[in-house]
Amino acid sequence: RTVPPVVFHLIPWFGSAAAYGGDPVEFFKSCREKYGNVFTFILLGKRVTVALGPQGNDFVFGGKHTVIAAEDVYQHLTTPVFGKDVVYDVPNEVLMEQKKFVKVSLTVEKFREYVGMIEEEMTEFMKGDPAFLIWQMKDINEWGTFDAYKTLAEMTILTAARTLLGREVRESLDKGFADLYSDLDHGMTPLHWMFSDLPLPSYRKRDAAHQKISGFYQSILQKRKRQESEYEDDVMGSLMKQQYRDGRALQDHEIAHILIALLMAGQHTSSSSTSWALLHLADRPDVADALYQEQVEHFGTPDGGLRDMTYEEMRKLPILDAVIRETLRMHTPIHSIMRQVRSDITVPPTLGAPSEDNVYVVPKGHIVLASPALSQMDPKIWKDADKWDPSRWYDADGFAAQAHRQYDEDGKVDFIFSKGTGSPYLPFGAGRHRCIGEQFATLQIGVIISTFVRKIEMRLDQPFPKPDYASMMVIPLRPCQILYRRRKF
Ligand code: HEM
């Protein structure tokens, strides 16, 4: 029984904070070369044991909740932002119930309506945004530019608010409200993860923004209960009708806090994914053309136009599906998935061991960390791993490409992007903390990409942006300008 090797560092408490914070993916790769798939690094006094590869994913995502717990690592970061009594502020069994409440409220009927809502929000946004002036001038064949991340961040919040949070919230999304969201957002950084409370403006603003947003949602709930407001059958409405297993209805503050958590969980994950996808499409006009042709094939009208997309049809577009999968493979927004170790845990020897007759044990008090970003870019698993190539995900029949099929004993195809905890492809996680927003996110990303491809042609006239790891998510480093012109039918 040996503890995993500790990454060499010069300053005791600080440890490898600079290398990890600067570029976690490169840091993990270089540590893997020196120490193998399991190693521990020091991060500002914390001991973090990294478990890499598909087996590392399995170790962390498939670990027993009584032994490794997410809430112990995230609670002090998320509770001030989301609020009390939800997500990591409650025992895991309660989180499981809360996830189920949200899941049942995201129905296929709602998704059908969301397609048109998202498209409408985007068109309205483009009509009002100075960056899209050239798109608005129908007869002008000139190139304009827009900032990929800034545009997609704004579109994501508008479309998520309209769909998930309902009309009352969307209609109040003026500048003041956007600023409040931004204050909440700035309360979710690595600094806030390290120190839950500091006498700094960002902490004060975070707390004030939480109070105001939570109060606003609760006032809408009150109005709905007094039947003073007409409302659609949205997520808030659905949560109002649900009950915990013990028969207790959700309290207003719980509903408000779940809604804040949803918006936060979906905002940067979706906006970074759509930004990266558009940047790649601008860099590869051949793929953008193939996507456009796919739209024409499925939605083309006799007069040369395109009719509205439907949810059912969108799910059957192999090139769009492949563009989303490939973007999430290369630019998975969350690079580190962490859990706190509650009692000593033995590392399976196939993941890593000091010798044939010895095992590694991760002691209680460590954090364990999985990074599917690495297995998703591992050249031993993926052909041309660092090349963005959506065609790896489909063949002429619209199925996943040969290179990424595995065969079980009966010779049946077993796709390696299956949902098990030991898959190398896990952009939405796995196990009990798996994402419940996957279908919504895929729909939102799909409509956003398709709507852009329908409206504009894109090019990149700058080097492809590098990843920016300064926030908790992997977003494109500025500048990330896209050149565009109005598409001619
Ligand atoms: C959990 C990724 C969009 C809500 C997760 C996890 C990942 C993830 C990796 C697992 C975290 C862990 O194991 O600690 C993504 C990506 C998205 C996305 C890549 C978009 C491209 C969304 C959206 C929503 C959402 C739109 C809400 C509508 C959640 C929730 C959890 C979760 C509630 C559960 C957290 C837990 O059980 O601990 N997501 N997500 N996500 N996500 Fe997402």
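Whatever order the structure lists them in is the order used to number ligands and atoms, beginning at 1. Model, not experiment: these values are computed from the prediction.
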*Asks:* Touching ligand 1 at all, Ala70? Heavy atoms, strictly under 4.0 Å?
*Replies:*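 Per 4.0 Å heavy-atom rule, Ala70 does not contact ligand 1.
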*Asks:* May I ask you to check whether Lys99 has an N/O atom sitting below 3.5 Å from an N/O atom of ligand 1?
*Replies:*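 Yes; the residue has a nitrogen or oxygen that sits under 3.5 Å from a nitrogen or oxygen of the ligand.
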*Asks:* Under the salt bridge (charged side-chain N to carboxylate O under 4.0 Å, His left out) rule, collect the residues that match up with Glu154, sequence neighbours excluded.
*Replies:*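 Partners of Glu154 under the salt bridge (charged side-chain N to carboxylate O under 4.0 Å, His left out) test: Lys150.
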*Asks:* Quick check: closest heavy atoms across Tyr149 and Ser271, and the distance to 0.1 Å?
*Replies:*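 Smallest heavy-atom distance, with atoms named: OH-OG, 3.6 Å.
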*Asks:* Apply side chain to side chain contact (heavy atoms under 4.5 Å, CB included) to Arg245 and list each qualifying residue two or more places apart in sequence or on a separate chain.
*Replies:* Glu97
*Asks:* Identify, for atom 36 (C) of ligand 1, the protein heavy atom at the shortest distance, and state residue, atom and that distance.
*Replies:*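 Closest protein heavy atom to atom 36 (C) of ligand 1: His433 ND1, 3.2 Å.
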*Asks:* Is Ile445 in contact with ligand 1, taking contact as a heavy-atom separation below 4.0 Å?
*Replies:*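 Ile445: in contact with ligand 1 (<4.0 Å).
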*Asks:* Pairs of nitrogen or oxygen atoms closer than 3.5 Å, one from Tyr88 and one from ligand 1: do any exist?
*Replies:*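 Min N/O separation from ligand 1 is below 3.5 Å for Tyr88.
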*Asks:* Are the side chain of Arg392 and the backbone of Asp384 linked by a donor-acceptor contact shorter than 3.5 Å?
*Replies:* yes
*Asks:* Nearest protein heavy atom to atom 24 (C) of ligand 1, by residue and atom, and its distance?
*Replies:* Gly437 CA, 3.6 Å
*Asks:* Please state whether Met96 comes within less than 4.0 angstrom of ligand 1, counting heavy atoms only.
*Replies:*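 Not so, Met96 does not reach ligand 1.
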*Asks:* Looking at Arg342 and Glu71, is there a salt bridge between them, counting it only when a charged N and a carboxylate O are closer than 4.0 Å?
*Replies:*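 Looking at Arg342 together with Glu71, the answer is yes, because their closest N to O distance falls below 4.0 Å.
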*Asks:* Hey, is Lys466 close enough to Asp23 for a salt bridge, meaning N to O under 4.0 Å?
*Replies:*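 So Lys466 does not pair with Asp23 through a salt bridge.
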